[in-house]
Amino acid sequence: MSTRPWIVDDDLWALIESLLPPWPERSPGPRPVADRLCLQGILYVLHNDIAWRGSARHSLPARGKR
């Protein structure tokens, strides 16, 4: 077993990528994150049992609110 099980190898990614819808050609803006990196981020959080609310993004004050 890998020491980093959240890393998606090429064989597994080939299976998963075929299930994802294509990115629209005329999308309103740049593609924010590559699909594979996004999936690996989700798997990292799940594997390490990190609470979404405990992440750095949720610890910052909301924009526009006081």
Side-chain angles (χ1 to χ4, degrees):
M1 178 179 245
S2 170
T3 58
R4 300 183 315 175
W6 56 87
I7 301 298
V8 178
D9 65 14
D10 293 336
D11 294 332
L12 179 58
W13 180 245
L15 293 171
I16 295 170
E17 188 176 32
S18 67
L19 301 173
L20 298 175
W23 187 258
E25 288 185 30
R26 302 189 70 164
S27 64
R31 189 179 205 161
V33 177
D35 292 334
R36 188 173 184 168
L37 290 176
C38 184
L39 175 61
Q40 289 180 163
I42 292 168
L43 294 174
Y44 176 83
V45 168
L46 293 173
H47 177 77
N48 290 297
D49 199 25
I50 299 171
W52 289 110
R53 291 260 175 211
S55 66
R57 181 172 185 214
H58 291 288
S59 65
L60 298 174
R63 291 182 184 165
K65 294 183 181 179
R66 292 182 184 234

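Keep in mind the model is a prediction, meaning the values are calculated, not measured. Just so you know, these numbers use all the heavy atoms, side chains as well, and skip hydrogens, waters and symmetry mates. Residue numbers run from 1 in the order of the sequence given.
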*Measuring from W6:CH2 to N48:CG, what's the distance to the nearest 0.5 Å?*
5.0 Å
*Considering all heavy atoms of both residues, which atom of D9 and which atom of R36 are nearest to each other, and what is their separation?*
C-NH2, 3.3 Å
*Working to the nearest 0.5 Å, report the span between CG of L12 and CD1 of I7.*
11.5 Å
_Joint cluster assignment, L20 & L15, ILVMFWY side-chain distance < 4.5 Å_ = no
